[in-house]
Amino acid sequence: MVDPRISVVNERLKNIENIVAVSSGKGGVGKSLVASTLALTLAKKGCKTGLFDLDFTSPSTHLILGVQEMQPKEEKGIIPPEVYGLKYMSIVYYSGNQVTPLRGADVSNALIELLAITRWEKLDFLVVDMPPGIGDATLDLLRLVKNVKFLVITTPSRLAFETVRKLVSLLRGLEIPIVGIVENMKMDDSKFIQTQVKNLGLPFLGEIPFDNKIEDAIGNVDKLLETVFAKKVESIAAKL
Amino acid sequence: MHEWALAEAVISAVSQIAEKEGIREVTEVKVKVGELQQVEIDILEYALSQLKTEKFEKTKFSIEKAEARLKCRVCGHEWIFNKEKLDEKTAEAIHFIPEIVHTYVHCPKCDSPDFEVLEGRGVWLESIKGVK
């Protein structure tokens, strides 16, 4: 018995110049906000950009973007709809924002299905919002997708950074490119993370201060792009 | 025409296997289609016929349906997936991503959403025959 879907995954992604997986070792570090804002920023700069939410059990990019009722077009597969200039794909088109409890094998199957049937057009960037950690979605992306590179998010927390260290170790062992590390939710002038990143020999792409206005901008893209958070992400986007 | 994407996957996978095994001409491909995904067999057959390359000129595609058997991980109850009990929108969501079944279907005995699909999820290649 052979799963035929796997053989077309890279064919579906062949017109994408850069696949950037926004990842972290732990949850709650701001991956989805960075991924969504990064994708919006790249699109605003004139790059053809897609955003793919791979956090199947806890998707949130649709809430950040304020995506309402919408369905992908079906045409020899599925075509991601355009949202604020982004080609946007998420499981919520089908789960309707209801609880979707999935075990590891189900996450793998859903991921392979979406990779096999989604027809992305020519893109400069596909930003992938990853679930936290080094579980099934991360391992499958590494197994199935050629040319993926990782943008790693941490907070100033030493605990968060320890999990980043493990993620970096996994990626390095597999010779997967790491674009760099971003320190999010910074609240003081500690150089701890920056020093640790330097010690790992990786690019430190910047720090994003804790922005207490960000919650008010959830679901409102225009407001989001005016935040201090978005301005910082813009400077990070320039380094990609 | 989501079936078209799956047909492309079948042709691509068989081509890769044929290449690896040194098969010049593929004579038979057996495909199993799980009822959970509710694939339209006639559309899949049509797509396969349109996507055929030289290697597939004499290929007989045999497509067999497999019941979707589900088993509750909590109480152990086994049952057969029945799309007739679902509304059109739900059935369509499961058609695109069969794992969405966990959003809309619960164990009929204990109501848990924690069940596994034992058989009959989606499209699988069962066997390939050809001339070397």
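So that the names make sense, note that chain A is the first sequence line, chain B the second, and so on, each numbered from 1.
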Subject >> Donor-acceptor contact present, side-chain T100(A) to main-chain T103(B), <3.5 Å >> reply: no

Original post:
Got a second to check how far I97(B)'s CD1 is from I112(A)'s CD1, nearest 0.5 Å?
Top reply: 13.0 Å

Original post:
Between CD1 of I100(B) and CD of Q98(A), what distance do you get to the nearest 0.5 Å?
Top reply: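 The CD atom of Q98(A) is 9.5 Å from CD1 of I100(B), to the nearest 0.5 Å.
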
**OP:** Determine, stepwise, if the pair M1(A) / L125(B) fulfils side-chain contact (heavy atoms from CB on, under 4.5 Å).
**Re:** CA-CA 5 Å; M1(A) 296 276 267; L125(B) 279 179; over 6 Å; no

Which atoms of [X] approach chain A - backbone, side chain, both or neither, heavy atom under 4.5 Å:
X: I17(B); result: side chain
X: Q16(B); result: side chain
X: E116(B); result: neither
X: K30(B); result: neither

**OP:** Please report the closest heavy-atom contact between P4(A) and W124(B), naming both atoms and the distance.
**Re:** CD-CA, 4.0 Å

**OP:** Please name the pair of heavy atoms, one in S12(B) and one in S7(A), separated by the smallest distance, quoted to 0.1 Å.
**Re:**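 So the minimum-distance heavy-atom pair works out to OG-OG, 3.1 Å.
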
Need one label for [X]: side chain, backbone, both or neither, based on atoms under 4.5 Å from any heavy atom in chain B.
X: A116(A); value: backbone
X: I6(A); value: neither
X: I117(A); value: both

Answer whether the closest heavy-atom distance between the side chains of [X] and [Y] falls below 4.5 Å.
X: E8(B); Y: R12(A); answer: yes
X: E113(A); Y: F96(B); answer: no
X: V123(B); Y: R5(A); answer: no
X: H102(B); Y: D106(A); answer: yes

Subject >> chain B interface, residue from G96(A), P72(A), P101(A), A105(A) that has the most non-hydrogen pairs under 4.5 Å >> reply: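 Highest number of pairs under 4.5 Å: P101(A).
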
**OP:** Tell me, with the steps shown, if E75(A) and W4(B) meet side-chain contact (heavy atoms from CB on, under 4.5 Å).
**Re:** CA-CA 8 Å; E75(A) 200 180 291; W4(B) 195 279; over 6 Å; no

Residue [X] excluded, over 12 heavy atoms near [atom1] under 6.0 Å:
X: E88(B); atom1: CD; answer: no
X: K89(B); atom1: NZ; answer: no
X: N147(A); atom1: CG; answer: no

Subject >> salt_bridge(R103(A), E99(B)) N-O dist < 4.0 Å >> reply: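 E99(B) and R103(A): not salt-bridged.
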
**OP:** Sort by residue number and list every member of residues 88-95 of chain A having a non-hydrogen atom under 4.5 Å from chain B.
**Re:**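 Hits under 4.5 Å: I91(A), Y94(A), S95(A).
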
